[in-house]
Amino acid sequence: MPISLNYEITSSAPAHPWLFLIHGLFGNLDNLAVVRRHFQKTYNVVSIDLPNHGESPHTQGFSFKECADGITAIIESTKAKQAVILGHSLGGKAAMMTALHYPDLVSGLVVADIAPVTYPARHNEIIQGLRAVELDNIEKRTDADKQLARHIPEPGVRQFLLKSLYQNEDNEWRWRFNLEGIAAHYEAIRSWPSTDLEFTKDTLFIKGSRSDYLSSEYRSDVMKLFPDAKARVIDGAGHWLHAEKPEAFNLAVERFVDSVAR
């Protein structure tokens with residue numbers, strides 16, 4: 001049985017096409033809210049929590065195929081006939097794996113600032129910083145921010161992480177993501193499994209001009225698996241391009257999904 005992932009549907013009309021949104025590492029289904037709000041009047045939008053994130057189950061391991069199976073189960077439950085999947089960063093890898101393994105269910109694919117490759121260990125400092133936060137000894141969110149700042153100097157990164165800090169029904173501060181599970185399986189998260197599969201339908205890769213996640217050196221890796229892929233660069237944007245340049249990002253996505261839905 002596929003893992004049962006948490007998701008939310010913002011419905012427009014049964015006849016409208018479907019757009020499935022998948023967030024990145026340490027995020028949750030609200031991270032792509034700027035995209036959801038843009039499309040919710042003309043698309044049925046489904047926002048998904050990946051395993052070990054948000055309200056989805058905490059798992060003993062991690063695999064992109066497991067993510068793909070869970071995403072596919074959601075697509076099938078909606079009975080969507082035209083499903084476009086958009087994934088950012090880790091969510092982009094999960095979206096790519098879904099399209100590769102279940103191409104009949106996916107009419108178009110949007111990948112935001114990630115490639116189908118194994119990346120260097122970029123998040124060790126973040127994991128170290130999160131582990132250093134003394135959740136049982138903080139009284140407010142700013143206490144956690146001060147502790148994170150010792151390891152993570154960028155305020156924007158800290159604010160992104162702190163969105164997943166909450167108080168449970170016992171007023172205990174906790175992370176919504178499974179920090180220890182992510183840390184234990186980080187090698188699998190930053191990797192990309194070898195595959196001979198291809199997704200030959202419409203695909204759009206969107207890159208932030210200031211980001212090095214989707215560099216030209218990965219072009220051959222992309223084209224091998226997604227031979228019909230096109231690229232779009234968002235000027236002045238970094239890795240969180242949908243949050244930094246929302247109008248430009250949404251316009252690029254809108255042009256693509258409208259062409260696929262026609």
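Note that the numbering runs from 1 along the sequence shown for the chain. These values consider heavy atoms only, across backbone and side chains, with no hydrogens, waters or symmetry-generated copies. Remember, predicted model here, so these are calculated numbers, not experimental data.
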> Between the side chain of Arg36 and the main-chain N/O of Val45, is any donor-acceptor distance below 3.5 Å?
Replying inline: no
> For the atom pair CD (Gln167) and NZ (Lys140), what is the distance rounded to the nearest 0.5 Å?
Replying inline: 11.5 Å
> Rounded to the nearest 0.5 Å, what separation is found between the CD atom of Glu139 and the CH2 atom of Trp173?
Replying inline: 10.5 Å
> Under 4.5 Å between side-chain heavy atoms, hopping through other hydrophobics if needed: is there a path connecting Ile126 to Trp240?
Replying inline: yes
> So, for Lys201 and Thr203, which heavy atoms are closest and what is the spacing to 0.1 Å?
Replying inline: O-OG1, 3.1 Å
> Rounded to the nearest 0.5 Å, how far does CZ of Phe249 lie from CD1 of Ile234?
Replying inline: 7.5 Å
Could you tabulate the donor-acceptor pairs under 3.5 Å formed by side-chain atoms of residues 88-111, not counting sequence neighbours?
{"unit_1": "His88", "atom_1": "NE2", "unit_2": "His239", "atom_2": "O", "d": "2.8"}
{"unit_1": "Ser89", "atom_1": "OG", "unit_2": "His239", "atom_2": "NE2", "d": "2.9"}
{"unit_1": "Lys93", "atom_1": "NZ", "unit_2": "Val117", "atom_2": "O", "d": "2.9"}
{"unit_1": "Lys93", "atom_1": "NZ", "unit_2": "Arg190", "atom_2": "O", "d": "3.1"}
{"unit_1": "Lys93", "atom_1": "NZ", "unit_2": "Ser191", "atom_2": "O", "d": "2.8"}
{"unit_1": "Thr98", "atom_1": "OG1", "unit_2": "Ala94", "atom_2": "O", "d": "2.8"}
{"unit_1": "Tyr102", "atom_1": "OH", "unit_2": "Lys65", "atom_2": "NZ", "d": "3.3"}
{"unit_1": "Tyr102", "atom_1": "OH", "unit_2": "Asp69", "atom_2": "OD1", "d": "2.4"}
{"unit_1": "Ser107", "atom_1": "OG", "unit_2": "Ala83", "atom_2": "N", "d": "3.2"}
{"unit_1": "Ser107", "atom_1": "OG", "unit_2": "Ala83", "atom_2": "O", "d": "3.0"}

>> Just to verify, what does His38 make a ring-ring contact (aromatic ring centres under 6.0 Å, His included) with, not counting sequence neighbours?
In response: none
>> Looking at Asp170, is its backbone amide N or carbonyl O close enough to the side chain of Asn168 to form a donor-acceptor pair, meaning the two atoms are under 3.5 Å apart?
In response: yes
>> Tell me every residue that passes salt bridge (charged side-chain N to carboxylate O under 4.0 Å, His left out) with Arg150, counting only those two or more places apart in sequence or in another chain.
In response: none
>> Working note: Trp18 + Ile75, criterion side-chain contact (heavy atoms from CB on, under 4.5 Å); need CA distance, chi angles, decisive distance, verdict.
In response: CA-CA 9 Å; Trp18 291 78; Ile75 296 174; over 6 Å; no
> If you take all heavy atoms of Ser4 and Pro57, which pair is closest and at what distance?
Replying inline: O-CD, 3.2 Å
>> For a quick check under 3.5 Å, do Thr59 and Asn52 share a side-chain donor-acceptor pair by atom type?
In response: yes
> Can you list the steps and then say if Lys207 with Asp113 is a side-chain contact (heavy atoms from CB on, under 4.5 Å)?
Replying inline: CA-CA 5 Å; Lys207 167 185 167 53; Asp113 214 57; 3.8 Å; yes
> Honestly curious: do Val257 and Phe226 fall in one hydrophobic cluster under the side-chain, below-4.5 Å linking rule?
Replying inline: no
>> Assess, by modelled atom type and distance only, whether the side chains of Asn250 and Glu254 contain a donor and an acceptor separated by less than 3.5 Å.
In response: no
> Do Arg122 and Asp212 meet the salt-bridge criterion of a basic N to acidic O distance under 4.0 Å?
Replying inline: yes
>> Using side-chain heavy atoms (C-beta onward) and a distance below 4.5 Å, is Leu197 in contact with Leu225?
In response: no
> Between the main-chain N or O of Ile152 and the side-chain N or O of Arg158, is there a donor-acceptor pair closer than 3.5 Å?
Replying inline: yes
> Are side-chain heavy atoms of Asn28 and Ser164 found at a separation under 4.5 Å?
Replying inline: yes
>> So which atom in Val133 and which in Gln147 form the shortest heavy-atom distance, rounded to 0.1 Å?
In response: CA-OE1, 3.2 Å
> Hey, any chance Leu32 and Val157 share a hydrophobic cluster, counting ILVMFWY side chains that come within less than 4.5 Å of each other, even indirectly?
Replying inline: no
>> For Glu217, is the CD atom crowded, meaning more than 12 foreign heavy atoms sit under 6.0 Å from it?
In response: yes
>> Please report the interatomic distance NZ(Lys41) to OG1(Thr10), rounded to the nearest 0.5 Å.
In response: 13.0 Å
> Is a salt bridge present between Lys245 and Asp235, judged by a nitrogen-to-oxygen distance below 4.0 Å?
Replying inline: no
> Tell me, do Arg174 and Leu135 make a side-chain contact under 4.5 Å, heavy atoms counted?
Replying inline: yes
>> I'd like to know if Glu180 and Arg131 make a salt bridge, using a cut-off of under 4.0 Å between side-chain N and carboxylate O.
In response: yes
> Stepwise, does the salt bridge (charged side-chain N to carboxylate O under 4.0 Å, His left out) test hold for Asp202 with Lys230?
Replying inline: CA-CA 8 Å; Asp202 291 329; Lys230 304 293 188 299; 5.8 Å; no
>> I'd like to know if the side chain of Asp49 reaches the main chain of Leu29, judged simply by a donor and an acceptor atom lying under 3.5 Å from each other, with no hydrogens or angles considered.
In response: yes
>> Can you confirm whether Thr200 sits close enough to Pro227 that some side-chain heavy atom of one is under 4.5 Å from a side-chain heavy atom of the other?
In response: yes
> Are Leu165 and Ile138 close enough, and set up right, to give a side-chain contact (heavy atoms from CB on, under 4.5 Å), and what steps lead you there?
Replying inline: CA-CA 11 Å; Leu165 184 64; Ile138 63 174; 4.3 Å; yes
> Are Phe199 and Phe256 linked, directly or through other ILVMFWY residues, by side chains that come within less than 4.5 angstrom of each other?
Replying inline: no
>> Between His23 and Leu50 (side chain of the first, backbone of the second, donor and acceptor by atom type, cut-off under 3.5 Å), is there such a pair?
In response: yes
> At what distance, to the nearest 0.5 angstrom, does CZ of Phe20 lie from CG of Asn44?
Replying inline: 8.5 Å
>> Does any part of the side chain of Leu25, heavy atoms only, come nearer than 4.5 Å to the side chain of His123, both counted from C-beta?
In response: yes
>> Could you report the tightest heavy-atom contact between Trp175 and Leu162, atom names first, then the distance?
In response: CH2-CD2, 4.2 Å
> Which pair of heavy atoms, one from Ala252 and one from Ile206, lies closest together, and at what distance?
Replying inline: CB-CD1, 4.2 Å
>> Walk me through whether Ile114 and Tyr218 qualify under side-chain contact (heavy atoms from CB on, under 4.5 Å).
In response: CA-CA 10 Å; Ile114 201 76; Tyr218 301 139; over 6 Å; no
>> Could you check whether any side-chain N or O of Tyr186 sits under 3.5 Å from a backbone N or O of Ala121, counting only pairs where one atom can act as donor and the other as acceptor?
In response: no
> Which atoms form the tightest heavy-atom contact between Ile71 and Leu5, and what is the distance?
Replying inline: N-CD1, 3.8 Å
> Are Val34 and Leu21 linked, directly or through other ILVMFWY residues, by side chains that come within less than 4.5 angstrom of each other?
Replying inline: yes
> Rounded to the nearest 0.5 Å, how far does OG of Ser56 lie from CZ of Phe177?
Replying inline: 14.5 Å
>> Could you check whether any side-chain N or O of Asp258 sits under 3.5 Å from a backbone N or O of Arg255, counting only pairs where one atom can act as donor and the other as acceptor?
In response: no
> Counting distance only, does the side-chain N/O of Glu244 pair as donor-acceptor with the main-chain N or O of Ala237 below 3.5 Å?
Replying inline: no
